[in-house]
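The next block holds one structure in the form of structure tokens; read it before the comments.
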Amino acid sequence: MGKRTAIVTGSTSGIGKGVAEGLAAAGCNIVLNGFGDAKQIETQRAQLEKAHDVGVIYSGADLTDVAAIEGLFEETAKAFGGADIIVNNAGVQHVSPVEDFPVAKWDLIIALNLSAAFHTIRLAFPQMKKNGWGRVINIASAHALVASPFKSAYVAAKHGILGLTKTTALEGAQHGIRVNAICPGYVHTPLVDGQIDDTAKARGISREEVINNVLLAAQPTKEFVKVEDIAGLVTFLISDAANQVNGAALSIDGGWVAQ
Ligand code: NAD
């Protein structure tokens with residue numbers, strides 16, 4: 001078989017960027033997606049292509065827009081003939097007590113962190129079934145397994161994505177498709193950095209106190225998870241050694257949810 005093609009949503013920053021790098025290094029063509037500065041994204045795209053001798057395209061599809069997600073798949077089909085691997089990673093966070101939670105933020109988080117994965121999976125499955133091979137990796141969160149206050153939409157969406165993971169894992173099981181979720185603890189990305197300020201405001205404490213007493217308080221190793229650690233787990237999940245890993249929620253959180 002030729003090169004596999006991977007769509008990595010939200011890969012212009014943080015975890016997705018690292019996962020795209022890891023999959024390119026593993027020999028996959030890459031479809032980058034996400035927002036950001038056009039020049040920087042083109043530099044990222046060209047570097048990835050050059051460093052790993054794979055095809056890399058970029059789609060700026062807004063994953064809260066169903067038609068745009070369909071467009072992303074059309075662009076992928078045109079460039080590479082379709083997607084073999086989907087990493088549903090794009091996500092946003094909003095921290096607020098439930099009674100003040102902006103309704104528009106709730107709708108956005110459910111659309112991006114949950115519904116977008118339903119759309120990519122429904123669009124990817126026909127070809128994966130035809131090929132008898134496919135991998136879907138949903139970047140969930142420790143918050144797919146446990147809650148924290150002030151994150152009602154995020155925790156609801158992340159719990160939801162585990163249900164979607166399990167259901168579609170069963171549907172794909174006899175077609176060579178594997179669907180799994182990765183549940184990271186805190187990774188110091190731009191998403192978490194923004195959250196530090198929001199949490200400080202919501203709880204009336206300093207940034208330092210948020211890092212030590214809120215974020216890493218839950219993480220027994222007292223260390224942030226690295227983007228490269230997540231990329232390594234994704235690379236394992238597309239390998240033959242992971243053939244029987246299906247419908248799983250794989251924690252990578254320094255022991256957070258073991259407590
Ligand atoms: P990030 O903010 O660094 O990156 C988010 C990416 O999503 C960016 O590329 C951004 O452009 C893209 N994006 C945002 N809105 C989009 C939209 N409407 N359409 C398409 N792309 C969009 O965030 P991150 O920390 O790398 O998080 C990535 C994923 O990992 C998220 O699903 C997040 O919930 C999950 N996660 C993060 C952590 C953490 O500690 N950072 C922990 C657990 C889970």
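Quick caveat: nothing in here was measured; it's all calculated off a predicted structure. Both counts, for ligands and for their atoms, begin at 1 and track the order of listing.
In terms of N/O distances under 3.5 Å, ligand 1 is approached by Phe35. For the pair Thr12 and ligand 1, the shortest N or O to N or O distance falls below 3.5 Å. Taking only nitrogen or oxygen atoms, main chain and side chain alike, Ala142 does not reach within less than 3.5 Å of ligand 1. For ligand 1, the polar-atom distance check against Pro184 finds no nitrogen or oxygen pair separated by under 3.5 Å.
Not close to ligand 1: Phe224, with no non-hydrogen atom less than 4.0 angstrom away. Assignment of Val192 to the shell around ligand 1 is supported, since a heavy atom sits closer than 4.0 Å. Heavy atoms of Asn113 stay at 4.0 angstrom or farther from ligand 1. Residue contacts with ligand 1: Pro190 is included, with a non-hydrogen atom under 4.0 Å away. Contact between Cys183 and ligand 1 is absent, with no heavy atom of the residue lying under 4.0 Å from the ligand.
When heavy-atom distances to ligand 1 are checked against a 4.0 Å cut-off, Leu63 comes that close through both its backbone and its side chain. The proximity of Ala140 to ligand 1, defined as any non-hydrogen pair under 4.0 Å, is limited to the backbone. Neither the backbone nor the side chain of Ala116 comes within contact range of ligand 1; no heavy atom lies under 4.0 Å. With a 4.0 Å heavy-atom cut-off, ligand 1 is reached by the side chain of Leu112 but not by its N, CA, C or O. Contacts between Lys158 and ligand 1 below 4.0 angstrom, taking non-hydrogen atoms only, involve the side chain exclusively.
Cation-pi check for Arg178 over Trp133 is not met; the charged atom does not lie both under 6.0 angstrom from the ring centroid and within 45 degrees of its normal.
Within 6.0 Å of CD in Gln259 there are more than 12 heavy atoms belonging to other residues, nucleotides or ligands.
When atom types are taken as modelled, the side chain of Asn33 and the backbone of Gly10 share a donor-acceptor pair closer than 3.5 angstrom.
Residues Arg203 and Val210 are not in side-chain contact: their nearest non-hydrogen atoms beyond the backbone lie 4.5 Å or more apart.
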